Visitor: 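First, the structure itself, so that you have it in front of you.
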Amino acid sequence: MFTGSGGEDAIEGWSGQYNGQGIPLARTGGVHYDSKFNKDKESINANYKIGSLEVNGTNNTLSQNNLPTGTINTDADQKYDNYIFRQKLDATYQVKLDTTSNLKIMTDGTLKNSKANNSNVTKNTRGDGSALNDNTSNTTNNSNNQIFNASAFYTKKFKKKGRTISVLVSESYNEGDSKGFLKSDANFYDEKAKLDSTQHIDQYKTNKTKSNIITSNITYTEPLSKASSLIFNYSIGVDNGTSDRKSFNPSSPGNYNVLVDSLSNNFKLNQLSNQVGAFYNFKKKKITVNFGTKVTAVNFNQVDEASNYEFKRNFVNWNPEVRFQYRPSQQKYFSVSYRGSPTQPTIDQIQPVAVNNNPLLIVVGNQALKPSFQNSFNINYNSYKVLSGMSFFVYGNYSFTSNPIVSNQVTNSAGKSTIQYINLATKDPSNFYLDANVGRKIGNTDLNIGLSGNVSGNNSYNLSNSALNFTKSITYTGGIQANEYIQKKFDFYAFFGPSYTLSGSSLQPNINSNGRGFNARGAFTVYLPGKFQLASDADYLYKAKTQTFDSDFHRTLVNASLSKTFLKEDNLKFTLAANDLLDQNKGFDRTVNANFIQQNTYTTIRRYFMFSVTWDFNSMGGPAVKK
């Protein structure tokens, strides 16, 4: 039996996990069983987990939307209270059928209930500061999910060394049922900032979904020589699902029974995919080479049960890969690789399910959308000299996308926006990242000093009121770092360095979010007499004001702990810890995305004190065997 609590929790919820935003309250527990039998040829592993996670907090977003005719500034406040309760039971059975084959069977089932309550207040103003529109909304949602997964994995080794075959069959079933309310009031103002019109929404919404995915995969490896081999695989997948979404207006207060046809639909989805792949592997002495591709043919068929409208789509995905690795010694390593991957347009981009949660933003489908294709290149070099402690590494990535899927956002004079996604065949958006670090020991000491530098950026495109917008962002960072470690005595780490960001939009070239920053962080641990340990870490972040955001941001986080270990193997530890001693932890982020420049501030975990007891059972082995 184990129990625990904390900020990081594996419970999947409205966003998967706690992501650092809001104040979490987690309660978890479970039971684990593991056993081997039949002379260790068979084993079974089973787990039962139960837990809940509640996160509540506030979020403020300041953003600037660059348009051909000017800018729209948004100030949005959100208050949320989300809760999820989950139970999960899983089991794994493994058996060695003989000396050359194994079978592994896995299954799990999950029950989830989640509740979400979100309140939003959004104000949009023109570039001159005059009111454009505002919206106050509240959404509540209560959903239940049932999830079941099962798989069987069989592997077989043949007499010829390196020749193998494996078969995987799996099924995943997911059923969801959610109910909730949307209440919204929007006001629209004319160019003189006088109220022009209003929009009121009061609706009850339901959404029932089912999904059943069955896949199977066969992989065969054939050695060609001691240094090379071929790998073939074939897989087939069937995806069947339904989605029944309805919206109701009230016929009288509290009586929601008037169906809104434009916001209601009932879809059935059938998808069949066939994949074939082949890869060549070569490894001899210092060189390793891998290359190959996977090809997937997909037949997509969606039917609107209400109107009998049928939407079919057939497409082929290619996933080529190439990788070269050279390792002249254990202390040196070099690799370069390429990967190509298509991105199919989502069903919401092609044929969106009508959703009016944001009455100021409507999505229109485009059935003519074609897939985009991303080309990604990576390079990696590492070198280390043992005697001098000299180390050097470089990592870089560059990617560009052909035929990208971009948004065309049309905003009218009232601030209402309509988004439609299109292919931009004439432009290739790109991303790049380059990181380098060099360090060495100082004399005969254990002190290591290093320098690091990083540059990253992206070029992106979108259309705003059908005008092409080019957004460019580059961030430069550098720093000095030092670390030292003396076993069971002392260790520390420190880093400090500046950063500078350049960003701007072609639609409004006189407006940018260029700004400087500075970051410093460090940590140390001192081993004291009596098996005591004193530890602390600190992090300082500074972001200067920019043309768009007129305030600086400072944050200093300091944590500390005092620990004492017990027992012969020091496997029992008592710890008194303090988080955010200065009580300065504030959620903060600045981003540039398409024609949006955005700053986000949010509530997060601040100062607290905690006493913990840790008992490591793994160190409690039997007595050593004397020879």
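Here the structure is a predicted model, which is why all the values come from computation and not from measurement.
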Visitor: Between CE of Met106 and CG of Asn149, what distance do you get to the nearest 0.5 Å?
Guide: 9.5 Å
Visitor: For a side-chain hydrogen bond (donor to acceptor under 3.5 Å, both in side chains) check, start with the C-alpha distance between Ser166 and Thr155, then their side-chain angles and the critical distance, and finish with the verdict.
Guide: CA-CA 4 Å; Ser166 64; Thr155 60; over 6 Å; no
Visitor: Can you confirm whether more than 12 heavy atoms, excluding those of Gln367, are under 6.0 Å from its CD atom?
Guide: yes
Visitor: If you count heavy atoms of other groups shown closer than 6.0 angstrom to NZ of Lys285, is the number above 12?
Guide: no
Visitor: Do Tyr280 and Phe291 have ring centroids that are under 6.0 Å from one another?
Guide: yes
Visitor: Roughly how far, to the nearest 0.5 Å, is the NZ atom of Lys210 from the OH atom of Tyr173?
Guide: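 It is 4.5 Å, given to the nearest 0.5 Å.
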Visitor: Could you check Tyr398 against Phe432 for ring-ring contact (aromatic ring centres under 6.0 Å, His included), going step by step and ending with a plain yes or no?
Guide: CA-CA 4 Å; Tyr398 173 76; Phe432 71 90; 7.6 Å; no
Visitor: Measuring only between side-chain heavy atoms, which start at C-beta, is Leu111 closer than 4.5 Å to Ile147?
Guide: no
Visitor: Would you say Thr401's side chain and Pro404's backbone share a donor-acceptor pair under 3.5 angstrom?
Guide: no
Visitor: Would you indicate whether Phe496, at its atom CZ, is surrounded by more than 12 heavy atoms from other residues, nucleotides or ligands within a distance under 6.0 Å?
Guide: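 Result for CZ/Phe496: open.
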Visitor: Drop me the distance from Gln275's CD to Asn217's CG, to the nearest 0.5 angstrom.
Guide: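 Between atom CD of Gln275 and atom CG of Asn217 there are 7.0 Å.
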Visitor: Go through Asn458 and Asn431 one step at a time and tell me if the side-chain hydrogen bond (donor to acceptor under 3.5 Å, both in side chains) criterion holds.
Guide: CA-CA 4 Å; Asn458 64 80; Asn431 295 273; 4.5 Å; no
Visitor: With a 6.0 Å cut-off on ring centres, are Tyr338 and Phe377 close enough?
Guide: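 Ring-ring flag for Tyr338/Phe377: true, centres closer than 6.0 Å.
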Visitor: State which residue, out of Glu42, Lys41, Lys36, fulfils the side-chain hydrogen bond (donor to acceptor under 3.5 Å, both in side chains) condition with Asn38.
Guide: Glu42
Visitor: Indicate whether the side chain of Asn448 and that of Asp446 have a donor and an acceptor atom separated by less than 3.5 Å.
Guide: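 The answer is no; no qualifying pair exists.
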Visitor: For atom NZ of Lys294, decide whether the heavy atoms of other residues, nucleotides or ligands shown that lie under 6.0 angstrom number more than 12.
Guide: no
Visitor: Can you list the steps and then say if Ser335 with Asn380 is a side-chain hydrogen bond (donor to acceptor under 3.5 Å, both in side chains)?
Guide: CA-CA 5 Å; Ser335 71; Asn380 190 1; 4.6 Å; no
Visitor: Would you call the rings of Tyr381 and Phe334 parallel, tilted or perpendicular if under 30° counts as parallel and over 60° as perpendicular?
Guide: tilted
Visitor: Does Arg521 qualify as a cation-pi partner of Phe495, given the criterion of NZ or CZ under 6.0 Å from the six-membered ring centre and within 45 degrees of its axis?
Guide: yes
Visitor: Rounded to the nearest 0.5 Å, what's the gap from CG on Asp98 to NZ on Lys157? Could you check?
Guide: 11.5 Å
Visitor: Could you walk me through whether Asn408 and Asn462 pass the side-chain hydrogen bond (donor to acceptor under 3.5 Å, both in side chains) check?
Guide: CA-CA 6 Å; Asn408 181 16; Asn462 74 295; over 6 Å; no
